[in-house]
4 protein chains.
Amino acid sequence: MVGSKQVPSSIKNRALVEKRRQEMIRGAVSLFRDKGFHKTTTREIAKASGFSIGTLYEYIRTKEDVLFLVCDSIYEQVNERMKEVVDTSVPDGAPLEEAVRSYFRLMDDLQEEVIVLYQEVKALPKEAKDYILEKEQEMVAMLEELLACSLPGASRGKISVIANNVFVEGQMWGFRRWILQRSFTLEEYIDHQVSLLLEGVATYR
Amino acid sequence: MVGSKQVPSSIKNRALVEKRRQEMIRGAVSLFRDKGFHKTTTREIAKASGFSIGTLYEYIRTKEDVLFLVCDSIYEQVNERMKEVVDTSVPDGAPLEEAVRSYFRLMDDLQEEVIVLYQEVKALPKEAKDYILEKEQEMVAMLEELLACSLPGASRGKISVIANNVFVEGQMWGFRRWILQRSFTLEEYIDHQVSLLLEGVATYR
Amino acid sequence: MVGSKQVPSSIKNRALVEKRRQEMIRGAVSLFRDKGFHKTTTREIAKASGFSIGTLYEYIRTKEDVLFLVCDSIYEQVNERMKEVVDTSVPDGAPLEEAVRSYFRLMDDLQEEVIVLYQEVKALPKEAKDYILEKEQEMVAMLEELLACSLPGASRGKISVIANNVFVEGQMWGFRRWILQRSFTLEEYIDHQVSLLLEGVATYR
Amino acid sequence: MVGSKQVPSSIKNRALVEKRRQEMIRGAVSLFRDKGFHKTTTREIAKASGFSIGTLYEYIRTKEDVLFLVCDSIYEQVNERMKEVVDTSVPDGAPLEEAVRSYFRLMDDLQEEVIVLYQEVKALPKEAKDYILEKEQEMVAMLEELLACSLPGASRGKISVIANNVFVEGQMWGFRRWILQRSFTLEEYIDHQVSLLLEGVATYR
DNA sequence: GATGAATGAGCGTTCATTCAT
DNA sequence: GATGAATGAACGCTCATTCAT
């Protein structure tokens with residue numbers, strides 16, 4: 001149930017709230033990606049969601065609530081799918097490499113959403129922002145756990161930097177798509193990143 | 001002369017235009033970093049710049065012009081200082097490592113500006129955005145050139161990915177400061193990144 | 001049957017209409033006194049009345065109907081109780097003084113309602129307002145009748161002014177309570193008003 | 001300078017602020033009297049004041065500020081003119097009667113304003129309301145002072161009740177005009193009230 | 001060249017009312 | 001008879017921009 005704790009609705013039927021919010025999120029994501037949060041009007045969100053402005057406000061309190069719902073939902077998706085990736089990797093002792101490849105493919109899949117997250121989280125009110133950043137930290141923590149298993153010799157600090165690098169390189173495929181996706185297919189990009197992660201530039205010196 | 005081509009002014013005295021725009025940029029950068037472009041009003045920009053709203057509009061046409069001027073000026077600074085870094089590295093055959101370290105320190109130094117760039121470029125109108133992204137490409141190209149010299153064995157594709165990685169890792173120190181700068185000093189961060197760049201995780205497996 | 005003539009309901013069962021409207025009035029009076037008619041929403045009225053917004057609208061046509069019902073009911077109460085006062089005074093030839101004292105006590109008792117009346121009647125649509133003001137006139141007329149009996153020497157004009165004075169002084173105990181009720185008990189206030197009514201300031205000159 | 005302390009304006013020119021606010025007050029008073037504060041829109045206020053909605057908001061912060069300005073200005077007028085009345089009465093030892101007559105005439109003169117005051121003060125936000133009620137108290141205090149001089153034999157309590165009576169009877173001429181002004185000329189009304197004040201109903205028993 | 005008062009399109013939000021279930 | 005989700009007109013307010021002085 002997306003954001004039900006943080007964003008109260010005046011509609012009583014919980015299932016309906018869930019349904020309408022999904023519609024709202026779907027509508028809002030494209031708008032936010034295309035025009036950004038600030039240039040998107042609430043009327044546009046309502047229209048894209050398939051209901052009237054009045055109805056929109058039965059399910060949220062403020063425009064920022066829509067942004068929160070969108071961000072929350074994206075992280076929920078990303079976290080869930082990352083959990084699958086990590087869970088099939090860690091116990092199997094499956095190699096680091098495969099997990100990282102899965103993560104990059106996931107970021108490709110959720111590209112649109114990740115871009116929104118990247119560009120608009122900062123527009124959230126303080127408290128909501130903290131909540132979302134906490135969720136982001138969970139994701140980085142998952143990567144750290146994965147790395148810690150595969151790289152027993154690495155310090156916590158090193159692990160942390162690597163996790164942040166991988167995290168951002170995954171997102172980079174989306175937010176720098178205008179340059180990266182012009183030059184590489186997804187698999188080429190992943191091959192490059194994995195080789196750099198494993199060996200650095202040592203091979204080319 | 002900042003943005004003089006792209007942003008006409010109704011004032012004839014070029015030196016004055018330059019001076020006023022510098023004041024405007026200085027004022028706007030902090031505002032944009034703190035509240036974002038959209039939540040900053042033109043009156044606030046005028047006030048922070050030390051002149052009236054009427055005067056502000058003698059030196060720009062639209063609010064977006066201010067953003068453009070700010071972004072342009074930041075890239076100008078970054079490019080100029082990167083040029084120094086690269087120029088003292090490439091001809092000397094100075095090692096890759098030192099150049100990269102210099103770049104990271106530069107990103108630390110211009111943190112505030114880089115964050116603005118990162119968060120607000122997307123708010124620029126299409127044409128202006130393209131112009132700015134072009135300048136960004138110049139920067140990445142400088143990194144590529146540097147890397148190409150030091151890593152003669154690497155393919156153009158690999159070079160490009162590495163350049164983008166380094167470019168973003170430098171900015172990451174700023175835009176993920178709430179996590180990175182809590183855990184590392186700048187030099188620790190740089191040490192980690194340089195070691196990962198050179199050797200990857202090979203050492204820890 | 002409150003306002004049944006003026007305010008049609010879509011519900012057939014008259015007893016039920018009566019019951020629901022009583023609930024509605026009880027709920028609305030406090031709301032109107034605390035926040036005023038305009039700042040009270042129909043949803044709040046429905047909630048305070050113990051039924052849903054849909055049900056509320058089965059018993060009224062517009063929000064103003066609620067105000068009318070409230071005002072009508074208050075006058076009904078006031079008139080009824082004033083009738084008792086007057087009826088026990090006039091035939092008995094009971095002294096003016098006692099009747100006036102009873103009236104003041106009544107105004108104290110119905111304070112909350114009188115305040116609402118005082119502040120919100122003007123928000124009624126023209127026709128409803130006229131209807132209510134007519135009822136108010138009945139009350140003043142009762143006072144006039146009472147006064148006429150006790151003051152045979154007074155002209156109609158004088159009687160009318162006195163009636164209006166007494167009428168408003170009674171309400172004043174409620175609508176200027178923040179000053180009067182801080183300085184006087186009800187009985188002190190009544191004593192003062194009665195002595196002034198009977199002798200004016202003649203005694204103190 | 002009306003309400004300059006309580007209601008900030010973004011316009012710097014103080015004289016202009018004063019001028020525009022006078023225009024605004026003049027426009028708003030009729031509107032408020034005719035339709036009430038809540039049914040008057042800010043656009044109507046702007047139009048009645050002779051400027052645009054944007055300009056209106058250069059001189060106030062919220063719609064309630066207009067109401068405050070209106071109430072404040074009315075009390076200012078009333079207080080000032082009452083001061084004249086009292087000042088020419090008290091030192092001269094001029095008789096109570098004449099002062100009261102002057103007060104009634106003043107209330108007739110400022111009828112429109114007094115009605116607004118009477119009906120809309122309650123819509124003011126708490127703090128502003130307290131401020132205005134304080135000013136009202138000053139007025140009542142003036143009446144008390146006047147009465148105390150003329151009625152040395154009366155207790156403080158009695159004086160206070162008389163002052164409140166006279167105060168409200170003066171306003172009553174306005175807010176019950178639909179009945180009183182149909183039956184009496186102003187001077188008739190005053191004659192009745194003065195005689196009642198001085199002698200009560202003693203004469204008619 | 002500088003100023004700041006004026007403008008009004010457009011935004012986020014509310015809430016009385018309706019009507020399908 | 002009762003419910004509550006849906007509607008959209010209308011509100012208060014903001015702010016980029018203009019232009020007379």
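We name chains A, B, ... by the order of the sequence lines, and we start the count at 1 in each one.
- Listed nucleotides: dG8(F), dA6(E), dC11(E). Nearest to the side chain of Ile53(A): dG8(F).
- If you take CD of Glu44(A) and C1' of dG12(E), they are 13 Å apart, rounded to a whole angstrom.
- An OP1 or OP2 oxygen of dA2(E) is reached within less than 4.0 angstrom by a side-chain nitrogen or oxygen of Arg20(B).
- A sub-4.0 Å separation between OP1 or OP2 of dA2(F) and a side-chain N or O of Ser52(C) is absent.
- Projected onto DNA chain E by closest heavy-atom contact, Gly54(B) and Gly54(D) fall at different nucleotides, the more 5' of which corresponds to Gly54(B).
- Between dA5(E) and Thr55(D), no contact under 4.0 Å exists linking OP1 or OP2 to a side-chain N or O.
- When heavy atoms are screened at a 4.0 angstrom cut-off, Thr40(B) is found touching the sugar-phosphate backbone but no base atom.
- Considering only side-chain N and O atoms, Tyr57(D) lies under 4.0 angstrom from the phosphate OP1 or OP2 of dC13(F).
- Side-chain polar atoms of Glu58(D) and Ser10(D) form a donor-acceptor pair below 3.5 angstrom.
- Map Gly50(B) and Phe37(C) each onto its nearest nucleotide of DNA chain E; the residue landing nearer the 5' end is Gly50(B).
- We find that CZ of Phe51(A) is positioned 16 Å from C1' of dG4(F), with the value rounded to whole Å.
- Surrounding CZ of Arg26(C) are at most 12 heavy atoms belonging to other residues, nucleotides or ligands under 6.0 Å away.
- Rounded to an integer number of Å, the gap from His38(B) NE2 to dT14(F) P is 18 Å.
- Taking the ring centre of Phe37(C) as origin, the terminal cationic atom of Lys63(C) falls inside the region bounded by 6.0 Å and 45° from the ring axis.
- Across the strands present, dA20(E) finds its partner in dT3(F); the criterion is a Watson-Crick or G-U wobble pair with both atom distances under 3.5 angstrom.
- A donor and an acceptor atom never sit less than 3.5 Å apart when one is taken from the side chain of Arg14(A) and the other from the base of dG4(F).
- Salt-bridge formation is detected for the pair Asp72(A)/Lys135(A): a Lys NZ or Arg NE/NH1/NH2 atom is positioned less than 4.0 Å from an Asp or Glu carboxylate oxygen.
- For Tyr59(B) and dA2(E), the shortest distance from a side-chain N or O to OP1 or OP2 is below 4.0 Å.
- Here the side chain of Thr42(B) is nearest to one of dA16(F), dT3(E), dT18(F), namely dA16(F).
- Side-chain atoms of Ile11(C) lie closest to dA2(F) of the nucleotides dA2(F), dG4(E), dC13(F).
- No donor-acceptor contact under 3.5 Å links the side chain of Arg61(A) to the base of dT14(E).
- More than 12 heavy atoms of other residues, nucleotides or ligands lie within 6.0 Å of NZ in Lys129(D), so this atom counts as buried by the packing criterion.
- Going from atom CG of Leu56(A) over to atom P of dA6(F) covers 12 Å, rounded to whole Å.
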